[in-house]
Every structure is written in structure tokens, then in C-alpha cells.
Amino acid sequence: MGHDACDDACDDACDDACDDALLTIGAFAARARLSAKALRLYDRLGLLAPAHVDEATGYRYYRAGQAERARLVALLRRLDMPLARIAEVVRAEGGRAAGLLDVYWADVEARVAGQRTLVDYLRGRLTGRDSDVYGKFVVETVDVPEQVVISETRHLLAHELPAWIGASLGRLEEAARDCGGVTAAPFVAYHSDVSAESDGPAESCVPVADEAAARAWCEERGRAWQTRVRVEPAGRLAYTRITKAQVEYPQILAAFGAVEEWIAAQGLTVTGPCREVYFADWDAAGPEDPVCDVAFPVS
């Protein structure tokens, strides 16, 4: 074996030995560029346990090779990632760990996009310049034909809406398969105010092709969810199109306010409950993708 090969082998052996060497918490903290307090916290939370704890003294010892994981935990903490999700990332293999990070960051971007919309809305309210906020929405009208809808109605508060909307529309779209299929975009009608204090009710609606089949389905299988069938009359809707980020409560109130202001300015009359019409694949949409029309029936 040549001198170079010997040197490389020795270096590798030294690196392995260094990685296996036990360091006091102070020495390891210096190597990982963290504080001893942070390391104790990571240990307590199960994110990074010491390699050895002296039973007599309680002193913690770490291996030098643990420094990389310690730094990773610290960096993930700087993203405000919840501790439970950090644990998932650091325990996962490379490709899956990166995927978990991507999922978390997509959630962050969606939340920030929603908060940005909310700040604009609140700024307008606090300065008395609501019209500046409403002016960002383009309001149009569309004529819709008579529709047979299969629906569920619930009394619930604003924080309960997202989960219920997704679940109820999923149930109704599944039922629609036995009712001739879905004929138009599903929508949620609000028969009274839904907020942190007011519980509506709200009504999830899916237009279907076969009224007789829909009534038979409700009679046979829809009682558990209080499903019913009704005919939505033809009419005109005044609406504005919003993104996924704008759907979140309470920023969606700005869209409703914009449509109401436009209706009043046009001298029109609201003739029915306001609604959210969902026309896009919610799960596939990004924060800035259009997903919903906020609408009022008008004449």
C-alpha cells in the first residue's frame, strides 16, 4: 500500500474515532454551535438524545457525529416548524424528509397568503377606507339555469366550516353518482350569518341530473345526514372570483363586502342567500389559484 493510501485510511479511521468520541454537553454545544439549554430542550422533547448519561452525576455526553442532527433541528426550529413535525423530518430518510419539508412549507405559504389578504382587509376597516379593499375585486353577473340540488344543512360556527364543507360536499358528490351525476359546480349557501358567534345555518349543495333518483337516494340512504332534494330556481348571480388564500375566514368577508357594495351601486336587489361556488380542485390548487366565486342572487 502506498503512502497516500495509508494516509487516507488513517484519516478515515481518525474521522470515525472522532465521531465516536464522547463530548461533554459544553464541548458538543460549541461544536454544534448551539447552547446547552437548547440541547437539554431537544433531549426533553425527544428530538436529540445524548449518547450517554452518567447515572451518578446526570451529566450528558454526546458523540461528535450527532452535531449534524443537532444543527438540522436548530434550522428547522428557525422555520417555526412545530416540534412534532421536526421529529418526523429528522427521523425520516433523505428523500422522504425533503418531502415532509415541502409539505410544511406549502402550508406556511398558504397561511401567509391568507394573512396578507386579511391584513389588507383589516387595514381598510381600521382606516375607514373599505372601498379601497373592495376595489380590488372584480364583480360580474352570470345567468344560471334552474337546478336540482341534493343538499345538507347544518348550524355551525365559522371555525367549523372548512372541515364540514369538505366533508359534506364529498358525501353529496358521491351520492350524485347515483343521481345522474353532477351537473354544475357545488356551492354552499348561507341562510343566515356564520361567524365566531352566529351559527347560520349553512347549506352544502350539489346540482344533480336526475331529480327522481336524488329523492329516492335521500329516502333510502340520506337520513343519517339529513340530506334533502330541492329545486334551485333560475336567476342571475352577482359574483367575484377569489383565490384559495382569500377563502379563509375572516378575509373572505372582504369579497362578500365587495359584492354587496357593487350590488347597491348598481341599484340591484338581493333575492336569496349568498353563496360560495367551488369550481376547482381544492387539494390541487395553490394559495393564489382561483377556486371559488362569492355570489349573491340578484334582480
Side-chain angles (χ1 to χ4, degrees), residues 110 113-114 116-118 120-121 124 130-131 133-154 158 161-170 172-173 176 181-195 200-208 230-266 268-299:
R116 187 181 302 115
T117 303
L118 177 56
D120 288 342
Y121 172 63
D130 298 52
S131 58
V133 177
Y134 296 158
K136 297 180 181 180
F137 295 93
V138 177
V139 181
E140 301 177 285
T141 61
V142 62
D143 293 320
V144 293
E146 180 180 275
Q147 296 174 328
V148 175
V149 300
I150 185 169
S151 73
E152 288 184 21
T153 301
R154 289 289 184 280
L161 265 178
W164 176 75
I165 288 175
S168 62
L169 290 181
L172 295 173
E173 288 175 341
V182 178
T183 59
F187 61 93
V188 178
Y190 296 96
H191 296 277
S192 188
D193 183 47
V194 175
S195 66
E203 181 187 17
S204 285
C205 302
V206 173
V208 296
R230 66 177 179 84
V231 177
E232 178 77 7
R236 175 166 294 184
L237 295 177
Y239 73 95
T240 189
R241 185 151 291 183
I242 61 175
T243 66
K244 186 174 181 178
Q246 291 171 318
V247 169
E248 189 172 344
Y249 181 87
Q251 46 263 44
I252 194 172
L253 297 179
F256 279 106
V259 180
E260 288 181 295
E261 185 178 76
W262 185 89
I263 291 170
Q266 300 298 314
L268 299 175
T269 300
V270 175
T271 59
C274 58
R275 63 196 60 189
E276 298 162 9
V277 184
Y278 291 95
F279 55 80
D281 183 337
W282 181 268
D283 292 331
E288 303 303 327
D289 292 331
V291 296
C292 173
D293 290 337
V294 168
F296 288 77
V298 295
S299 62

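Predicted model, so just to flag it, every value in this text is computed and none were measured. The analysis underlying the following values was restricted to heavy atoms, covering all of them including side chains, and did not include hydrogens, waters or symmetry mates.
Qualifying side-chain contact (heavy atoms from CB on, under 4.5 Å) partners for Ser168, counting only residues two or more places apart in sequence or in other chains: Glu152, Trp164, Arg171, Ser204. With sequence neighbours excluded, no residue satisfies salt bridge (Lys or Arg N to Asp or Glu O under 4.0 Å) with Glu276. Contacts of Pro186 classified as side-chain contact (heavy atoms from CB on, under 4.5 Å), with partners at least two apart in sequence or in another chain: Leu169, Glu173, Val206. Listed by chain and number, the residues in a salt bridge (Lys or Arg N to Asp or Glu O under 4.0 Å) with Asp143 are Arg236 (sequence neighbours excluded). Scanning for side chain to side chain donor-acceptor pair (under 3.5 Å) contacts around Thr240 gives an empty result, with sequence neighbours left out. Applying the side chain to side chain donor-acceptor pair (under 3.5 Å) rule to Asp281 yields no partners; only residues at least two apart in sequence or on another chain are considered. Here Val231 pairs with Glu146, Val148, Glu211 under the side-chain contact (heavy atoms from CB on, under 4.5 Å) rule; sequence neighbours left out. Applying the side chain to side chain donor-acceptor pair (under 3.5 Å) rule to Glu232 yields the partners Arg230, Arg275; only residues at least two apart in sequence or on another chain are considered.
In terms of heavy atoms, Leu172 sits closest to Ser151 at CD1-CA, 3.9 Å. Between Val144 and Leu237, the shortest heavy-atom distance links the atoms CG1-CD1, 4.0 Å. Of all heavy-atom pairs spanning Val139 and Ala258, the tightest one is CG2-O, 4.1 Å. Nearest heavy-atom pair, Ala238 versus Val259, reported as atom, atom and distance to 0.1 Å: O-CG1, 3.6 Å. Heavy-atom minimum distance, Gly200 versus Val194: CA-CG2, 3.5 Å. Taking each heavy atom of Pro207 and Val149 in turn, the nearest pair found is CA-CG1, 3.9 Å.
Listed by first and then second residue, the salt bridge (charged side-chain N to carboxylate O under 4.0 Å, His left out) pairs that reach into residues 244-253 come to none, sequence neighbours excluded.
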- Task: Run the numbers on Tyr190 and Leu161 for side chain to side chain contact (heavy atoms under 4.5 Å, CB included), then give the verdict.
- Result: CA-CA 11 Å; Tyr190 296 96; Leu161 265 178; 3.8 Å; yes

- Message: With side chain to side chain contact (heavy atoms under 4.5 Å, CB included) as the criterion, how do Glu140 and Val138 come out once you've worked through the C-alpha distance, each side chain's angles and the decisive distance to 0.1 Å?
- Response: CA-CA 7 Å; Glu140 301 177 285; Val138 177; 4.2 Å; yes

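Inter-residue side-chain proximity for Phe137 and Glu261 is flagged as unmet; no heavy-atom pair is nearer than 4.5 Å.
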Determine all donor-acceptor pairs shorter than 3.5 Å in which one atom belongs to a side chain in residues 285-299; sequence neighbours excluded.
from, atom 1, to, atom 2, distance (Å)
Asp289, OD2, Gly286, N, 2.6
Asp293, OD1, Arg241, NE, 2.7
Asp293, OD1, Arg241, NH2, 3.4
Asp293, OD2, Arg241, NH2, 2.9

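Remark: Gln266 CD to Trp262 CH2 distance equals 4.5 Å, nearest 0.5 Å.
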